[in-house]
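Inspection log for the structure reproduced underneath, given as structure tokens.
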Amino acid sequence: MASEDSLSSNPLLQNFNFPPFDVVDARHVRPGIRALLHQLEAELEQLEKTVEPSWPKLVEPLEKIVDRLSVVWGIINHLKAVKDTPELRAAIEEVQPEKVKFQLRLGQSKPIYNAFKSIRESSDWNTLSEAPQIKEAVLSGIALEDDKREEFNKIEQELEKLSHKFSENVLDATKKFEKLITDKKEIEGLPPSALGLFAQAAVSKGNENATADAGPWLITLDAPSYLPVMQHAKNRALREEVYRAYLSRASSGDLDNTAIIDQILKLRLEKAKLLGYSNYAEVSMATKMATVEKADELLEKLRSASWAPAVQDIEDLKSFAKNQGAAEADSLTHWDVMDGLFRLAKTLFGIDVVPADGVAPVWNSDVRFYCVKDSSGTPTAYFYFDPYSRPSEKRGGAWMDEVFSRSRVMAQKGSSVRLPVAQMVCNQTPPVGDKPSLMTFREVETVFHEFGHALQHMLTKEDEGLVAGIRNIEWDAVELPSQFMENWCYHRDTLMSIAKHYQTGETLPEDVYKKLLAARTFRAGSLSLRQLKFATVDLELHTKYVPGGTESIYDVDQRVSIKTQVIPPLPEDRFLCSFSHIFAGGYAAGYYSYKWAEVLSADAFSAFEDAGLDDIKAVKETGQRFRNTILALGGGKAPLQVFVAFRGREPSPEPLLRHNGLLAASA
């Protein structure tokens, strides 16, 4: 054990109002996590001795244990995602098995399980918050005999290790590719924002005199670099080289994920069989709104509506539909966007978002901190926002995560509830020189999307921490608020309020707005098929695929592509090796939930369309109803009931197909 004095100063073990992101460092991880687990194990043993089937004697002490672990582990996991170092990786890798072991011990505690069961059988059950813990416990192997439980635990440990390795390989493979370009002809067609970013990347790799105009330019595979090359570069050979490098990430050499994927699929299948299911998709669906059949049915319905338009897309592309792009909409400034987003939140949900920089420590000087206040000016939540790409230490993509959930049990002395705190992380193009960070329209959609997740976490009315906010919401419903917020990016008044030219302050010209609306349905069939392909491959690998059988994972991918890609993929396509959503994220046998939630969110937005988007009073009333149902009820109520409470009926796929301009095709 580490000496007591070093533990007493370990920031992970202090009491804090906000996490000490500025001082936690790799050297705190091993001693801090071990001391914490030691303490929580003692608390768990105590709880098992004194547990009674009542809320104060079971759920409250349990929440305290679960919360301490998730907050502290959340801090180091977050730092690994935004400020990765080899030391931090090594420290986390070392204590991870100990943490998983404790979680399994907690999830498989017989006394706790039995107490939940007696609460469930007692007369008070209906007056208590829904406790999904029982289903969770069965899925964490509680009902297994000892030798089977040991096997189950070995599988869980191994899966946790494999998924970490998978994402480290993707990060390292993405970082490994670098292409330095010195000849301006090779990068013709790329917008100034991209050239500025490439020059900045070149400077960081030792070409200190690189400039946007004169180069040299360094191209990498992280999204702010990869996407502009694929979209704008006239140089076909460059596009092909970068595309092939992107598709083959983590598929060869010592970063090859192929064997890892096979092992993950094999272990997931074994886990499913141990739990008495016939495949892993059934395990995944046990805690979701959908079933395997319902998910298949929805994917097929959307696929058949998207196929003909996608074929047409390819024809349109051949006839060169280049004039669709609205270049002017690729230089929206950061601050205007955030202002517009917060104004929209005020209109819809009656909340004020105010800067609170300096109130909480941050992990990078670009990170902003905000307070969310209700209509009476009382703080109801806080969130961090980390906007820019930092390829050397931050993983790609955009995400929202919880720092603290809203909780009565965890309230500090003198207050009745601990307020929820969220973090939103994006990977936008950073400011270059004296030029501000300019956002593409896609990046604006991403910010609206992540803010939707954050709202559900922050505006929950649920005080039981175990089901507050986004916790315990069925995975296929969790994307509803995020995709709902994206719809507002196409609403004229909202867009006009955020899209101002960063030098002249002019708003977006009308013809550009029309182009953006056209671009929304432009290639909608193809984009829809792309998501459907991902979702179908995912379900296929988790239902019918036999690890070690005659068909390889790539054969499955190619087979699914026949029905979901108008232009067949390259035979050497290895996109599965970087498909982190299902091999290192929470979307295993759940990728379909993006589409499932799109149906829900388009339908929810259509309630505002029915009320009249320009009728501010109607919008406010509908917004209030959305806040009081979808955002407020958390995981305490089944999502279908919550949706019906808001919409007055069950969801329909019609609005989604209409928004994407695919209705005629399916009629």
Side-chain angles (χ1 to χ4, degrees), residues 96-97 99-101 103-104 107-108 135-145 147-170 250-251 256-296 299 474-476 533-557 559-560 574-594 596:
Q96 190 165 349
K99 173 236 175 198
V100 177
K101 186 175 167 193
Q103 279 176 312
L104 288 166
Q108 295 168 350
K135 196 179 235 177
E136 294 285 327
V138 172
L139 290 178
S140 65
I142 194 151
L144 299 174
E145 293 312 309
D147 53 334
K148 283 197 164 166
R149 183 156 1 121
E150 219 160 278
E151 194 183 335
F152 179 89
N153 290 355
K154 266 212 324 245
I155 290 177
E156 288 290 76
Q157 285 282 14
E158 189 57 22
L159 280 171
E160 186 94 355
K161 221 164 65 192
L162 287 166
S163 81
H164 262 250
K165 188 73 187 127
F166 182 96
S167 55
E168 285 170 5
N169 283 349
V170 174
S251 67
D256 191 348
N257 273 335
T258 309
I260 293 180
I261 293 175
D262 256 328
Q263 193 55 16
I264 288 176
L265 292 170
K266 181 165 156 276
L267 291 171
R268 282 177 181 164
L269 185 58
E270 283 172 23
K271 172 177 163 176
K273 298 249 164 86
L274 275 176
L275 293 172
Y277 291 95
S278 56
N279 58 49
Y280 188 75
E282 291 179 2
V283 177
S284 163
M285 302 289 178
T287 52
K288 294 187 173 71
M289 247 170 116
T291 57
V292 176
E293 296 69 42
K294 279 232 158 60
D296 270 336
L299 293 176
E474 275 81 341
W475 199 250
D476 40 14
K533 175 200 153 153
F534 294 161
T536 311
V537 168
D538 170 37
L539 277 183
E540 195 71 23
L541 288 173
H542 290 106
T543 49
K544 305 187 187 74
Y545 172 69
V546 183
T550 50
E551 207 182 21
S552 77
I553 52 174
Y554 305 119
D555 296 336
V556 174
D557 188 26
R559 177 162 56 75
V560 168
R574 292 287 178 267
F575 110 91
L576 287 173
C577 288
S578 57
F579 196 7
S580 303
H581 279 81
I582 70 168
F583 297 121
Y587 286 88
Y591 199 90
Y592 77 87
S593 52
Y594 277 109
W596 188 270

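Only a predicted model underlies this, so the values are computations on that prediction, with no experimental measurement involved. Only heavy atoms go into these numbers, but all of them, side chains included; no hydrogens, no water, no symmetry mates.
- In terms of heavy-atom proximity, Y545 sits nearest to G548 at OH-N, 4.1 Å.
- Ion pairing between D557 and R574 fails under the 4.0 Å rule for side-chain N and carboxylate O.
- What you find for S163 and A584 is that their closest heavy atoms are O-CB, 3.4 Å.
- Looking only at side-chain heavy atoms (C-beta outward), V100 and L104 come within less than 4.5 Å of each other.
- Annotation: the span from N279 atom CG to E282 atom CD amounts to 4.5 Å, rounded to 0.5 Å.
- Looking at S593, its side chain never comes within 3.5 Å of a backbone N or O of W596 through a donor-acceptor pair.
- For the atom pair CG of L275 and CG of L144, the computed distance is 6.0 Å after rounding to the nearest 0.5 Å.
- Looking at L159 and R268, their side chains come closer than 4.5 Å, going by heavy atoms from C-beta outward.
- Checked against ring-ring contact (aromatic ring centres under 6.0 Å, His included), F583 has the following partners two or more places apart in sequence or in another chain: F166.
- In plain terms, the two heavy atoms of Q263 and L162 that are nearest each other are CG-CD1, 3.6 Å.
- For the atom pair NZ of K294 and NZ of K288, the computed distance is 16.0 Å after rounding to the nearest 0.5 Å.
- With F534 as reference, Y591 is the one residue of Y594, Y591, Y592 to meet the ring pair (Phe, Tyr, Trp, His ring centres under 6.0 Å) rule.
- Side chains of L541 and L576 form a contact here, defined as non-hydrogen atoms less than 4.5 Å apart.
- A pairwise comparison of heavy atoms in S278 and L269 identifies O-CD1, 3.9 Å as the closest pair.
- Applying the side chain to side chain contact (heavy atoms under 4.5 Å, CB included) test to E151 and every residue at least two apart in sequence or in another chain returns L274.
- When all heavy atoms are compared, the tightest approach of C577 to N257 is O-ND2, 2.9 Å.
- Y554 meets the ring-ring contact (aromatic ring centres under 6.0 Å, His included) test with no other residue; sequence neighbours excluded.
- Nearest heavy-atom pair, I582 versus A588, reported as atom, atom and distance to 0.1 Å: O-CB, 3.7 Å.
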Residue pair Q157, K161: steps toward the side chain to side chain donor-acceptor pair (under 3.5 Å) verdict: CA-CA 6 Å; Q157 285 282 14; K161 221 164 65 192; over 6 Å; no

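- Here E150 does not pair with K154 in a salt bridge; the nearest charged N to carboxylate O distance is not below 4.0 Å.
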Given side-chain contact (heavy atoms from CB on, under 4.5 Å), test L539 with L299 step by step and report yes or no. CA-CA 10 Å; L539 277 183; L299 293 176; 3.9 Å; yes

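- Of the possible polar contacts, one joining the D538 side chain to the G590 backbone as a donor-acceptor pair under 3.5 Å is found.
- Two residues are said to be in side-chain contact when any heavy atoms from C-beta on lie closer than 4.5 Å; K271 and L267 fail this criterion.
- In this structure, I261 and F579 have side chains that are not in contact, with every pair of non-hydrogen atoms separated by 4.5 Å or more.
- When side chains are defined from C-beta on, K99 counts as touching E160, because their heavy atoms get closer than 4.5 Å.
- In this structure, E551 CD and E540 CD are separated by 7.5 Å, a value rounded to the nearest 0.5 Å.
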